[in-house]
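The structure appears right after this line, and notes come after that.
Sequence positions, counted from 1, serve as the residue numbers for this chain.
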Amino acid sequence: MKTYLGIFFLLVTGMVGIGVVTAGIQSANARNYHADVISEIECSNFNDAVISSCRQQAKEAGYELVVKTMVYNSQEHTKMAEVILHYEYAIPVLNLVTDHQVRGFAK
């Protein structure tokens, strides 16, 4: 009986560990995607078509992307944008799903 109980707890611990590692990988992927979006927006010089394309691609990838452009000069040219990426942090074994976000600025 002790052996079976030990094996059971070992399996549960292994499954929770795998869930935590998977959630960490998903979080790292979201951070990398966020950095790529910021780079793409900066390289396009805050082009509205590129920003809406990034929003659509994020939606297809399972993320929610919010881009708030900011005007900083008299000619109303965008000089900076706040980029917020919402993603789910999930550990299915523990039935834990929370909404996390990555914030950054494209300059």
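Among residues two or more places apart in sequence or in another chain, the salt bridge (Lys or Arg N to Asp or Glu O under 4.0 Å) test is passed with Glu82 by Arg103. Remark: Val20 pairs with Val16, Ile91 by the side-chain contact (heavy atoms from CB on, under 4.5 Å) rule, at least two apart or across chains. Remark: Leu5 pairs with Phe9 by the side-chain contact (heavy atoms from CB on, under 4.5 Å) rule, at least two apart or across chains. Residues satisfying the side chain to side chain donor-acceptor pair (under 3.5 Å) test with Arg55, not counting sequence neighbours, are none. In this structure, the side chain to side chain donor-acceptor pair (under 3.5 Å) partners of Gln56, at least two apart in sequence or on a different chain, are Glu60. Shown here are the side-chain contact (heavy atoms from CB on, under 4.5 Å) partners of Ser44, two or more places apart in sequence or in another chain: Asn47, Val50. Applying the side-chain contact (heavy atoms from CB on, under 4.5 Å) criterion to His100, with sequence neighbours excluded, gives Tyr87, Tyr89, Thr98.
Across Ala23 and Ala90, no two heavy atoms sit closer than the pair CB-O, 3.4 Å. Taking each heavy atom of Gln26 and Glu88 in turn, the nearest pair found is OE1-O, 4.1 Å. Residues Cys54 and Ile41 approach most closely at SG-CG1, 4.5 Å, considering heavy atoms. Counting all heavy atoms, side chain and backbone alike, Leu85 lies closest to Ala30 at CD2-O, 3.3 Å.
To the nearest 0.5 angstrom, Met80 atom CE is 6.5 Å from Lys107 atom NZ.
A ring pair (Phe, Tyr, Trp, His ring centres under 6.0 Å) check over residues 12-32, counting only residues at least two apart or in different chains, returns nothing. Within the structure, the salt bridge (charged side-chain N to carboxylate O under 4.0 Å, His left out) test picks out no pair touching residues 25-48 (sequence neighbours left out).
The hydrophobic cluster containing Ile84, built from Ile/Leu/Val/Met/Phe/Trp/Tyr side-chain heavy atoms closer than 4.5 Å, also comprises Val66. Residue Leu10 is found outside any hydrophobic cluster, as its side-chain heavy atoms come under 4.5 Å of no other Ile, Leu, Val, Met, Phe, Trp or Tyr. Through chains of ILVMFWY side-chain contacts below 4.5 Å, Ile25 is grouped with Val21.
Val37 places none of its side-chain heavy atoms less than 4.5 Å from the side chain of Tyr63. The closest side-chain heavy-atom distance from Thr69 to Ile51 is below 4.5 Å.
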Could you walk me through whether Tyr33 and Gln57 pass the side chain to side chain contact (heavy atoms under 4.5 Å, CB included) test, one step at a time? CA-CA 10 Å; Tyr33 187 81; Gln57 290 173 357; 3.6 Å; yes
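Within the 3.5 Å criterion, the main-chain N or O of Ala35 finds no donor-acceptor partner in the side chain of Ser39. A donor-acceptor pair under 3.5 Å is absent between the side-chain atoms of His86 and the main chain of Val102, judged by distance alone.
Atom CG of Asp99 sits in a crowded spot, with more than 12 heavy atoms from other residues, nucleotides or ligands closer than 6.0 Å.
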